[in-house]
**Student:** 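First the structure, which I've put down as structure tokens, then a few questions once you've had a look.
These values consider heavy atoms only, across backbone and side chains, with no hydrogens, waters or symmetry-generated copies. Just so it is clear, the structure is predicted and the values come from calculations on it, not from any experiment. When a residue number appears, it is its place in the shown sequence, counting from 1.
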Amino acid sequence: MSTAIDDIDVLAKARKNIAGEYVPSDDEDYMNVRQMDYFRALLLEWKRSILAASKGTLQQLQDGPMREPDLNDRASSETDWGIELRTRDRQRKLITKIDSALRRIDEGEYGYCEVTGEPIGLGRLVARPIATMTVEAQEAHERREKISRDD
């Protein structure tokens, strides 16, 4: 069984795959056509990479049941499969967020905080292209979430 691919590694690979001469810069107008095209390509490549990794997991599941003769080996294999399936579920949710980001690009809303309407910032978007809030709005959201969890 293949090991689960970390989301960050997949994103880094996607960045490398679309690497060209262009890198979004603060020296240009925020969310201009070139930046939008860059982020669209990055998101599509990230999604493609996730789907390719998922195909491998699906193929392994279809290849047949685990038939480990030793109970300890079987338990270990089942644990590994559980981890792999949880990873794929997390990636399925990530694809939903990628699709949402692509929709925001199409609607001209990408790159702006859904809470404040302020620019999210190129650095944050390059690091996390599915970001929907500025760092400040995200931190405030997490504080409110923690307070409501503690109640």
**Student:** Please work out which of the three classes, parallel, tilted or perpendicular, describes the rings of Tyr22 and Tyr38, given edges at 30° and 60°.
**Tutor:**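 Tyr38 and Tyr22: perpendicular rings.
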**Student:** When you check the gap from the basic side-chain N to the acidic O, do Arg103 and Asp99 get nearer than 4.0 Å?
**Tutor:**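 No.
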**Student:** Taking atom CG of Leu94 and atom OG of Ser100, what is their separation to the nearest 0.5 Å?
**Tutor:**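 Taking CG in Leu94 and OG in Ser100, the distance rounds to 11.5 Å.
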**Student:** Give, for atom CD1 of Ile105 and atom CE of Met36, the distance between the pair rounded to the nearest 0.5 Å.
**Tutor:**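 Rounded to the nearest 0.5 Å, the CD1-CE separation comes to 6.5 Å.
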**Student:** A side-chain contact here means heavy atoms from C-beta on lying under 4.5 Å apart; do Ile130 and Arg128 qualify?
**Tutor:**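 Of all side-chain heavy-atom pairs linking Arg128 with Ile130, at least one is under 4.5 Å.
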**Student:** Can you check whether Met31 reaches Leu125 side chain to side chain, under 4.5 Å on heavy atoms?
**Tutor:**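 Yes, side chains in contact.
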**Student:** Answer whether the closest heavy-atom distance between the side chains of Leu11 and Pro129 falls below 4.5 Å.
**Tutor:**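 When only atoms from C-beta onward are counted, Pro129 and Leu11 do touch, with a gap below 4.5 Å.
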**Student:** Check Ala131 against Arg104 and note the closest heavy-atom contact, atom names and distance.
**Tutor:**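 Minimum heavy-atom contact is O-NH2, 3.6 Å.
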**Student:** Tell me whether Asp37 is salt-bridged to Arg40, with the criterion being a basic N under 4.0 Å from an acidic carboxylate O.
**Tutor:**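 So Asp37 pairs with Arg40 through a salt bridge.
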**Student:** Do you know which two heavy atoms are closest between Gln91 and Ile50, and how far apart they sit?
**Tutor:**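 In terms of heavy atoms, the two residues are closest at CB-CG2, 3.7 Å.
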**Student:** Give a yes or no answer on whether the side chain of Asn32 reaches the backbone of Gln35 with a donor-acceptor pair at less than 3.5 Å.
**Tutor:**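 Side chain of Asn32 to backbone of Gln35, a donor-acceptor pair under 3.5 Å: yes, one is there.
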**Student:** Any chain of hydrophobic side-chain contacts (each under 4.5 Å) joining Leu51 to Val10?
**Tutor:**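 Yes, it is one cluster - the side chains of Leu51 and Val10 are joined through contacts under 4.5 Å.
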**Student:** What is the minimum heavy-atom distance between Ile120 and Tyr30, and which atoms define it?
**Tutor:**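 That would be N-OH, 3.2 Å.
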**Student:** Can Glu45 and Arg48 be counted as an ion pair, charged N to O under 4.0 angstrom?
**Tutor:**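 Counted as a salt bridge, because a side-chain N and a carboxylate O are separated by less than 4.0 Å.
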**Student:** With distance as the sole test, does Glu28 use its side chain to make a donor-acceptor pair with the main-chain N or O of Ser25 at under 3.5 Å?
**Tutor:**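 Such a contact is found between Glu28 side chain and Ser25 backbone.
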**Student:** Between Val115 and Ala137, which heavy-atom pair has the shortest distance, and what is it?
**Tutor:**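 Val115 and Ala137 have their closest heavy atoms at CB-CB, 4.3 Å.
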**Student:** Within this structure, what is the CD-CE distance for the pair Glu114 and Met133, rounded to the nearest 0.5 Å?
**Tutor:**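 These two atoms lie 5.0 Å from each other.
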**Student:** Do Arg15 side-chain atoms and Val126 backbone N/O form a donor-acceptor pair below 3.5 Å?
**Tutor:**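 Yes, the answer is positive, given that a donor and an acceptor are paired below the 3.5 Å cut-off.
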**Student:** Ignoring hydrogens, what is the shortest heavy-atom contact between Ala101 and Leu43? Give both atom names and the distance.
**Tutor:**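 Scanning both residues completely, I find the closest heavy atoms to be CB-CD1, 3.7 Å.
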**Student:** Ignoring hydrogens and geometry, is there a side-chain-to-backbone donor-acceptor pair from Thr116 to Cys113 under 3.5 Å?
**Tutor:**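 The answer is no, because no donor-acceptor pair under 3.5 Å joins these two groups.
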**Student:** When you look at Lys93 and Asp89, which way does the salt bridge (charged side-chain N to carboxylate O under 4.0 Å, His left out) test go after all the steps?
**Tutor:** CA-CA 6 Å; Lys93 292 173 184 171; Asp89 186 54; 3.5 Å; yes
**Student:** Could you check whether any side-chain heavy atom of Phe39 comes within less than 4.5 Å of a side-chain heavy atom of Ile18, counting everything from C-beta outward?
**Tutor:**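 Phe39 does not reach Ile18 side chain to side chain.
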